[in-house]
Amino acid sequence: MFLLLVSGAQSQRTPFDAREATIGSIHHSLFSGLNSCQDVVSSFLARIEKLNFHVNAIITLDKNALCEAVILDEQLGIGNATQSLFCIPILLKDNYDTADMPTTGGNLALAQSQPLIDAPSVSALRRAGAIVLGKTNLHELALEGLSVSSLGAQTVNPYDSTRTPGGSSGGSGAAIAASFAVFATGTDTVNSLRSPASANSLFSIRPTRGLISRTGVIPISYKQDALGPIARTIEDVAAALTVMADVGFDPSDNTTALIPPSSVGVNYLASLRAFPLETLRLGLITTFFNRTAGSETTPVSSAMDNMVMRLRAAGVTVVPITSSIYNSSAILAVYDTQRYEYQESMDAYLSQPSLGGSHPSSLKELYAANSSKGGGKFLVIPSQYEYVTTSLASSPANSTYSTVQCGIRNLTLALQETFRQNDLDALIYPEQINLVVKIGWPSQSGRNGILAAVTGSPVVTIPVGFSNATTSALVGVPIGMELLGQPWSEQKLLNIARAIEMLGTVRIAPRWANEIVEVGNMTRVPVLYPNTGNIPKQYPVGVL
Ligand SMILES: *[C@@H]1O[C@H](CO)[C@@H](O)[C@H](O)[C@H]1NC(C)=O
Ligand SMILES: *[C@@H]1O[C@H](CO)[C@@H](O)[C@H](O)[C@H]1NC(C)=O
Ligand SMILES: *[C@@H]1O[C@H](CO)[C@@H](O)[C@H](O)[C@H]1NC(C)=O
Ligand SMILES: *[C@@H]1O[C@H](CO)[C@@H](O)[C@H](O)[C@H]1NC(C)=O
Ligand SMILES: *[C@@H]1O[C@H](CO)[C@@H](O)[C@H](O)[C@H]1NC(C)=O
Ligand SMILES: *[C@@H]1O[C@H](CO)[C@@H](O)[C@H](O)[C@H]1NC(C)=O
Ligand SMILES: *[C@@H]1O[C@H](CO)[C@@H](O)[C@H](O)[C@H]1NC(C)=O
């Protein structure tokens, strides 16, 4: 029936071109009568159907998407298309609860885990008119940055098929780089919204701790987990953030009690204004680089140097910050709270009454290789499970946990002092000191996300360039910069990012994603099943 409706609508209109589409371009097409919502949604679904094999970014498609488009076309017909995300196709990382699709974390043991209700952030997106096309692959349970999982297999970088897409929200990053949707959601416990943005030439925001309720999202850390969007333009990041933050105070996630009145109900898109660069003061963290020349490091340092040169030329004051407290590996080794909080958070998630379907009911059960429910269906990656093992023996009751909390407070005060002493608007540094790692490497090394993760600071990630082209990376490998602000400075960060975006577009689409996909060839998109054929042999699926 949907096929008939789609082809009926198609015959009257020009096809909708989904490539690099934005909220603005889709609304223009809809409101000027060029396209129906069904045209828009089917054009993205057709791209996924035809092109997903390049990247393996999608775990599940939402069978309701075209039906929702029919309903929105009726609303369009009666002039009632008022919502901010009206008919905007989006994808959700598969750790966000959805009542109409399983929520798996990419883990075989959670393949049948079926939330009975949407996460509040998902409800907010749907209420605002967004159409959820499906769920994206992620690094299994969001525990590493390689974006390989026992259920969804390996997601591939759209710019270089020999590389990972960053992670853990790597399916979201790869899908948005390929224009499979307008934006996608991600989660970030240490790097996971920023690494995929950096590795796929995209923008993202990790908001201040507390701004977006984490309820209904598979957790890792009460202290560090954050939700946010990944998109191709800063305007679309601002629009998505506005809706996701609209959940506001949520009694089920008490960090939302931290939201100050000035950050309640903000429309980040309506207030988006390019920050005047002549008055901007940025701190450049010089210790967040690897200045030893090499094929993986030099492209990153050069792209950053080039961006700093352009910023200075535009009138920005860039202050070098050289303090040795800014050492990512040291901060990660000492202050990371995941191992203390994982078990408690997962137990609460897996045992909640609103989680239906069949699934283990505690972290221990999930990881019990011999349990009938656990099944031993995990990727065996030592780096990923070191702290899972530790977490099964740790909790916030551990005496070292309070020392860690105290250390984080010290680091947070030191960060505030850096801002004050240098009168800074934001700090900048590369998200990753080296290019995103190749498929088969043991971990996504060299990332700088931990500073914001433990201090709860907001970060906007901005594309700054590409490595030189090679035969496997026809336009080069993308490189991204973090822009870290003080708590609740989301609007300022977005405005700075807008000004940087206006210095000149850096983003280039992956070469193969320039293909135009005709909707007429769409067979009728079924629920996709994960490709289990491309897990690198270094990461066997089995018993831990
Ligand atoms: C108009 O749209 C709003 C928001 O989606 C909805 O609540 C309302 O029912 C719609 N009105 C009509 C007449 O369909
Ligand atoms: C907030 O929630 C966390 C985890 O759910 C809990 O450990 C903590 O005690 C709560 N804090 C307050 C102030 O209620
Ligand atoms: C820095 O880069 C060099 C050259 O690429 C490499 O050998 C070294 O391991 C890197 N150091 C770190 C800490 O990543
Ligand atoms: C990239 O290519 C340019 C121009 O050919 C060259 O000057 C530069 O050294 C190359 N950069 C790297 C990292 O190989
Ligand atoms: C950063 O900390 C690590 C220990 O985690 C240490 O090995 C390294 O030397 C430090 N780097 C600098 C530049 O101080
Ligand atoms: C699984 O169960 C078998 C038999 O009860 C036992 O010998 C083995 O050690 C168990 N393996 C793990 C990983 O617990
Ligand atoms: C935090 O800073 C205080 C005061 O400088 C110091 O006494 C304490 O040892 C620090 N704690 C940690 C865990 O770094």
Side-chain angles (χ1 to χ4, degrees), residues 157 159-160 162-163 190-191 198-199 201 223-224 283-310 320-341 383 386-387 390 394 396-418 420-421 427 429-438 442-456 463-482 506 508:
N157 191 299
Y159 292 89
D160 182 344
T162 69
R163 290 183 191 266
V190 186
N191 289 285
S198 172
S201 202
K223 180 85 178 172
Q224 292 170 220
L284 173 68
I285 304 187
T286 58
T287 49
F288 278 9
F289 283 76
N290 181 348
R291 290 288 179 182
T292 306
S295 58
E296 301 296 302
T297 50
T298 305
V300 174
S301 303
S302 314
M304 281 298 301
D305 291 346
N306 183 40
M307 175 52 81
V308 167
M309 216 169 63
R310 291 168 68 198
I321 304 296
T322 57
S323 166
S324 61
I325 60 166
Y326 299 117
N327 175 333
S328 290
S329 44
I331 296 172
L332 191 64
V334 181
Y335 298 139
D336 190 7
T337 62
Q338 296 176 83
R339 52 175 57 73
Y340 301 99
E341 296 170 336
S383 67
E386 177 270 318
Y387 65 80
T390 317
S394 307
N398 277 39
S399 58
T400 43
Y401 182 68
S402 55
T403 313
V404 167
Q405 295 287 352
C406 185
I408 290 176
R409 197 149 49 240
N410 284 1
L411 179 64
T412 308
L413 291 174
L415 182 60
Q416 283 168 11
E417 194 53 22
T418 297
R420 198 193 57 77
Q421 273 181 357
L427 287 164
Y429 48 89
E431 203 290 320
Q432 190 166 16
I433 62 181
N434 40 262
L435 296 177
V436 70
V437 306
K438 300 212 167 181
S443 73
Q444 192 62 260
S445 52
R447 296 180 295 170
N448 286 316
I450 189 69
L451 177 62
V454 295
T455 59
V464 290
F466 288 85
S467 64
N468 283 347
T470 63
T471 48
S472 72
L474 297 179
V475 297
V477 179
I479 295 157
M481 172 173 90
E482 292 198 27
V506 169
I508 302 171

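Both counts, for ligands and for their atoms, begin at 1 and track the order of listing.
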Legend entry - Any Ser324 heavy atom less than 4.0 Å to ligand 5: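 Judged by the 4.0 Å heavy-atom criterion, Ser324 does not count as contacting ligand 5.
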Inset, instruction - Using the side chain to side chain contact (heavy atoms under 4.5 Å, CB included) rule, pick out the option among Arg447, Gln432, Glu431 that qualifies with Glu482. - result: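 Output: one option passes, namely Glu431.
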Inset, instruction - Report, in ascending order of atom number, the atoms of ligand 5 lying under 4.0 Å from any heavy atom of Asn327. - result: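 Atoms satisfying the 4.0 Å criterion: 1 (C), 2 (O), 3 (C), 8 (C), 10 (C), 11 (N), 12 (C), 14 (O).
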Inset, instruction - Indicate yes or no: does an N/O atom of Asn468 lie under 3.5 Å from an N/O atom of ligand 4? - result: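 Yes; at least one N/O pair falls below 3.5 Å.
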Legend entry - Residue pair Tyr429 / Thr286, side-chain donor-acceptor N/O under 3.5 Å: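 Judged by distance alone, the side chains do not pair up.
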Inset, instruction - Classify the side-chain pair Ser328/Asn448 by whether it contains a donor and acceptor separated by less than 3.5 Å. - result: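 Checked: Ser328/Asn448 side chains pair up, N/O donor to acceptor below 3.5 Å.
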Inset, instruction - Establish whether atom 14 (O) of ligand 5 and some protein heavy atom are separated by less than 4.0 angstrom. - result: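 Yes; the ligand atom in question has protein heavy-atom contact below 4.0 Å.
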Legend entry - Flag: protein heavy atom within less than 4.0 Å of atom 7 (O) of ligand 5: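 When distances to the protein are checked, atom 7 (O) of ligand 5 has no heavy atom within 4.0 Å.
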Inset, instruction - For the residue pair Tyr340 and Tyr401, categorise the inter-ring angle as parallel (less than 30°), tilted (30 to 60°) or perpendicular (more than 60°). - result: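 Judged by the thresholds at 30° and 60°, the geometry between Tyr340 and Tyr401 is tilted.
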Inset, instruction - Return the orientation label for the Tyr159 and Phe466 ring planes: parallel under 30°, perpendicular over 60°, tilted otherwise. - result: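 Correct class here is tilted.
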Inset, instruction - From atom 1 (C) of ligand 7, work out which of Asn410, Leu413, Leu411, Thr400 has a heavy atom at the shortest distance. - result: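 Checking each option, the heavy atom nearest atom 1 (C) of ligand 7 is found in Asn410.
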Legend entry - Polar side-chain atom of Ser301 near backbone of Thr298 as donor-acceptor pair, under 3.5 Å: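 Judged by distance alone, no pair lies under 3.5 Å.
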Inset, instruction - Report the part of Ala330 in contact with ligand 5, treating N, CA, C, O as backbone and CB onward as side chain, heavy atoms under 4.0 Å; options are side chain, backbone, both, neither. - result: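 Answer for Ala330: both.
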